[in-house]
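Here the structure comes first, spelled out in structure tokens, and everything after it is commentary.
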Amino acid sequence: MRHLPYFCRGEVVKGFGRGSKELGIPTANFSEQVVESFPSDISTGIYYGWACVGNGDVHKMVLSIGWNPFYKNIKKSVETHIIHTFKDDFYGEILSIVIIGYIRSEKNFSSLEALISAIQEDIEEAKRQLDLPEHRKLKDDKFFHLPEGKPVTH
Ligand SMILES: Cc1cc2nc3c(=O)[nH]c(=O)nc-3n(C[C@H](O)[C@H](O)[C@H](O)COP(=O)(O)O)c2cc1C
Ligand SMILES: Nc1ncnc2c1ncn2[C@@H]1O[C@H](COP(=O)(O)OP(=O)(O)O)[C@@H](O)[C@H]1O
Ligand SMILES: [Mg+2]
């Protein structure tokens, strides 16, 4: 797919607060400025890749780009669920990600449970894909070791 792998860094901002509360799956949302900096022709949908908060460890992640049709958002969002348990929230911190592969398009669902189980399947698919040697190597990319504080995309 075009644009992949895509490296991106930006501040974590507040969303609608649904991820943790309604879905039990928190997503770190990028600011509008970062969302607008994405290539306009990048497909909306669900992706997998690697992510790190500040200078922390690099973890597996799943990412959603789009309008969340289940919730009919008006603004496009780019949200990362990091496959790791954090002790605290990290609003205001710099999140660095590399988007590696596409999983599926965004969908509407007939129930919250159906949305949650689709996301859980995405997480399992991401875990499997990211164990492949060609995907694992991006975990060690120098991008993750550059000094933070430059919320610049490239
Ligand atoms: C892996 C993954 C897959 C998702 N798939 C869909 C989807 O197919 N349809 C949809 O409406 N929202 C989807 N979402 C987005 C959730 O609806 C969204 O993360 C949730 O509403 C939390 O939003 P918030 O950060 O504003 O609280 C997905 C999110 C993730 C992390
Ligand atoms: N594993 C995780 N992945 C993503 N965000 C996490 C994780 N653990 C804790 N968080 C925190 O939860 C927040 C996201 O929760 P969420 O309910 O989606 O709220 P919001 O709607 O404000 O994005 C993130 O901004 C981050 O501070
Ligand atoms: Mg969120």
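Just so you know, residue 1 is the first one in the sequence shown, and it goes up from there. Counting starts at 1 for both ligands and their atoms, following the listed order.
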Report the nearest protein non-hydrogen atom to atom 19 (O) of ligand 2: residue, atom name, distance rounded to 0.1 Å. Y91 OH, 3.2 Å

Can a non-hydrogen atom of W67 be found less than 4.0 Å from any atom of ligand 1? no

Taking distance alone, with no angle check, do S20 and ligand 2 share an N/O pair under 3.5 Å? yes

How far is atom 11 (O) of ligand 1 from its nearest protein heavy atom, and which residue and atom is that? F70 N, 2.8 Å

Side chain or backbone, does D88 bring an N or O within less than 3.5 Å of an N or O on ligand 2? no

Could you tell me, atom by atom, which parts of ligand 2 come under 4.0 Å of a heavy atom of N29? 23 (O)

What atoms of ligand 1 come closer than 4.0 angstrom to any heavy atom of G17? 27 (O)

With a 4.0 Å heavy-atom cut-off (strictly under), which part of V12 contacts ligand 2: side chain, backbone, both or neither? side chain

Counting only heavy atoms from other residues, nucleotides and ligands, does the tally under 6.0 Å from CD of E32 exceed 12? no

Give the atoms of ligand 1, by number and element, whose distance to some non-hydrogen atom of V62 is under 4.0 Å. 1 (C)

Going by heavy atoms in the side chains, are R9 and F143 under 4.5 Å from each other? yes

Donor-acceptor contact below 3.5 Å, side chain H135 vs main chain Q129: yes

Under 6.0 Å between the ring centres of F38 and Y6? yes

So, E79 side chain and T27 main chain: donor-acceptor pair closer than 3.5 Å or not? no

Just going by heavy-atom distances, which of T80, L23, I25, V53 is nearest to atom 4 (C) of ligand 2? T80

Donor-acceptor contact present, side-chain W50 to main-chain L130, <3.5 Å: no

Minimum non-hydrogen distance to atom 21 (O) of ligand 1, winning option of Y47, Y71, F16: Y71

Do any nitrogen or oxygen atoms of G17 come within less than 3.5 Å of a nitrogen or oxygen of ligand 2? yes

Considering only heavy atoms, does E79 approach ligand 2 within less than 4.0 Å through its side chain, its backbone, both, or neither? neither

Taking the ring centre of each residue, are H84 and F86 less than 6.0 Å apart? yes

I want to know if ligand 2 touches K14 in the polar sense, i.e. an N/O pair below 3.5 angstrom. no

Going by the 4.0 angstrom heavy-atom rule, the piece of R18 near ligand 1 is both

Which atoms of ligand 1 sit under 4.0 Å from any heavy atom of L23? 16 (C), 20 (C)

Does ligand 1 have any atom that is closer than 4.0 Å to a heavy atom of A118? no

Determine whether any heavy atom of I25 lies closer than 4.0 Å to an atom of ligand 1. no

Nearest-option assignment for atom 3 (N) of ligand 2, heavy atoms, candidates V13, I82, T85, L95: I82

Identify, by atom number and element, the atoms of ligand 1 in contact range of K107, meaning under 4.0 Å from any of its heavy atoms. 7 (C), 8 (O), 9 (N), 10 (C), 11 (O)

Should you measure from each heavy atom of G15, which atoms of ligand 1 turn up under 4.0 Å away? 26 (O)

Using heavy-atom distances, let me know which of F86, F16, F30, F90 sits nearest atom 6 (C) of ligand 2. F90

Go through ligand 2 atom by atom and flag the ones less than 4.0 Å from a non-hydrogen atom of H84. 1 (N)

S64 contact mode with ligand 1 (heavy-atom cut-off under 4.0 Å): side chain

Should I97 and M61 count as side-chain neighbours, where that means a heavy-atom distance under 4.5 Å? yes

Taking only non-hydrogen atoms of G19 and a 4.0 Å limit, the atoms of ligand 1 in range are 22 (C), 27 (O)

Taking the side chain as everything from C-beta on, heavy atoms only, tell me whether Y47 gets closer than 4.5 Å to I103. no

Any nitrogen or oxygen of R104 lying under 3.5 Å from a nitrogen or oxygen in ligand 1? Just yes or no. yes

